[in-house]
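Data first, discussion second: the structure below is written as structure tokens.
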Amino acid sequence: MSTPLAKVTIDGKELEVPAGTNLIEAAKKAGSAIPHYCYHEKLSIAGNCRICLVDIEKTPKLSIACNTKVTDGMVVHTNNQKVLEARQSVLEFILVNHPIDCPVCDQAGECKLQDYYMKHDLKASRMKEEKVHKDKAIALGPNVMLDQERCILCSRCIRFCKEIAEEDQLCFSERGNHNELTVYPGKKLDNPYAMNTIDICPVGALTSKDFRFKQRVWFLKEVDSVCPGCATGCNIKISHNKGVAYRLLPRQNEAVNETWMCDGGRFTFKPTNAENRLRHPMVRSEGALKVVRQEKAIEDIAKVLAAVPVSSILGIASAQFTNESNFAFWKFLKEVGVTDFYYQALEVSNPSQDDYLIHPDKNPNRAGVEALGLKALVEDKRYQLIFILGDLPSARLQKILLDRQRTVVVFSSHEGEGVELADIVLPVPTWVEENGTFTNKQKRVQRILPAFSAPAENKSVWEWTSLLAKACKKEKPVYQQINEVMADLSETIPDFKGVNPDKVGNQGFVLMS
Amino acid sequence: MKFEWTKENKKEIEDILTRYPTKKAALLPILHVAQEEFGWISPEVMEMVAQELDISPAHVYGVVTFYTMYNRKPVGKYHLQVCRTLSCAMMGSDRITSYIKKKLNINIGETTSDNRFTLNEVECLASCGTAPAMTINEKYFENLTEAELDKILESLE
């Protein structure tokens, strides 16, 4: 049964929308943006900010658009003189006690109060009285800071905690001029989705403890990606500037994360900026890993490949790497005759989980490597030559490695346990710098785009394997760009049939099987 | 002091709950039950009420701080609430307040050291015809003068 349509005229434009649509959404469709603070499409209607007042013909007074449902024949004006004057007055009221400290406010540049003031009010304050002063720089919880003076009391954060995070931790206390946002005395805003309140705060009241004071938002560039924190694969944007990632923000995908992400996911970019990044290829000599020219590393790998019987070579793919990295890795080894493959995954004891976005599998691409036909690593045989994507704990590696005359080739982004037993190390980008796709728990193939290039001599796995293929005198797999890897993946692996960059787009593409 | 519902409180709460469509809706009267029992609404009591009604302590806190008639500090045996709204103000409520302050040696919002008297200013007591007015606990005292106050305070045990 389809919803009946209602004919409505908004600013002279006639359109049909499902009956029951609220006026803010209907006006969006008509191309009229109605300003709003307290209204949020994913939250219940509060109707307290009053900035969305519109003029509906045959009603005596202005009505708030957020809480007015479209009815058939309704004629609405969102921009006439009456509405503009009301908007200006509402802004004047909201600004009565606002500190207007934009020069030191982190929200400046992405603040609705600033935006609407510039567009609709733009006049000096008539207030002669001292403003009401409230507390500033309050740590509401581990990740969220509150400035009570900047708060315009829209209650979005309160409703978010109650309705989405389902932990009713925030409230308004006191009343009138002294009305202020707070947590229950002695408690914290510490639910796993708390940082979404920062995103939906229309002003600079709630800011991120991690991000604040790091960058002016107008310097930041944004690129679409996918959170690698777990198998859910929340769609995100990476904010970055000059080769440094500064924050992750959720990006709308109704089929995956709606408009939210968890707090844990927000910090997954941190290792990219870390000090212990690998920058150059390394080969072990006299017991220690030493930086070498990349030709030397490639040559050494080709030599050992030629010397070791293929039955004693193992390839270990990774549920932490993209579909394209895993595919190129697998395809190269297959071309040189390797038949034994496994994949490794990040194993976490007592993983965080819930029935919403937080999945206990902390790998972004387990479904992807399984779609390639790979099985999880079993330590049942010892090998002379092992190729590994990512960081395999030494204890596990010891169990599958011959005692002598053995070689371990690791593709990794960081120094640490993963390269302890490595003989040859090839540096690879982190997910922030990578171009490719992850397959989430719904088998949805989702695109990640690089925010910036990886440092120094880092190369994607498919670039390394292309060089290796050439060194081993193989015609395949040699790729010039990521789209070629994707096309080959889609042609070679039945599960990935039909996957291409257009289909994946920015909302993903669900694998058939 | 330990805050615990008495048997009578529990019965009263049960009774109140039958009169409201949801548990949450019964918050105001149940806070009054608590205030009558304990004299004030302590943080422990807010959490007790929240638990009783299956709502968050944050919600209870928002409500308690919104309404001025819930005491957020312990009050003395006699709670003097002097009206300061227009009619009473015109009839000299500030003199009444100052007189009490001096006589009991406390400020607004404070309690005497013997825990007998607490003084507060409140908004309209709806007794404009007999201004200035105040309440002591539940009882009204009207047409106040300084001499009248002396008599009233002396009459209290």
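By convention in this document, chain letters (A, B, ...) are assigned in the order of the sequence lines, proteins followed by strands, and residues within each chain are numbered from 1. Note that the coordinates shown come from a computational prediction; the quantities given were computed from them, not determined experimentally.
Looking at A:S173 and B:Y61, their side chains come closer than 4.5 Å, going by heavy atoms from C-beta outward.
Within 6.0 Å of the CD atom in B:Q51, the count of heavy atoms belonging to other residues, nucleotides or ligands does not exceed 12. Heavy-atom contacts from other residues, nucleotides or ligands closer than 6.0 Å to CE of A:M127 number more than 12. In A:F93, the CZ atom is not crowded: 12 or fewer heavy atoms of neighbouring residues, nucleotides or ligands sit closer than 6.0 Å. When the shell of 6.0 Å around CG of B:N105 is examined, it contains 12 or fewer heavy atoms from other residues, nucleotides or ligands. Taking a 6.0 Å sphere around CD of B:E14, one finds it holds 12 or fewer heavy atoms contributed by other residues, nucleotides or ligands. The 12-atom threshold is exceeded at NZ of A:K214, counting heavy atoms of other residues, nucleotides or ligands nearer than 6.0 Å. The neighbour count for B:K73 NZ, taken as heavy atoms of other residues, nucleotides or ligands under 6.0 Å away, does not exceed 12. Taking a 6.0 Å sphere around NZ of A:K42, one finds it holds more than 12 heavy atoms contributed by other residues, nucleotides or ligands.
If you tally non-hydrogen atom pairs under 4.5 Å between each of A:C161, A:P185, A:G186 and chain B, the highest count goes to A:P185. When each of B:A58, B:G62, B:P43 is checked for heavy-atom pairs under 4.5 Å with chain A, B:A58 comes out on top.
Atom CD of residue A:E174 and atom OH of residue B:Y67 lie 13.5 Å apart, to the nearest 0.5 angstrom. Rounded to the nearest 0.5 Å, atoms NE2 (A:H178) and OG1 (B:T65) are 12.5 Å apart.
Contact annotation for residues 130-159 of chain A against chain B (heavy-atom separation below 4.5 Å): no residues qualify.
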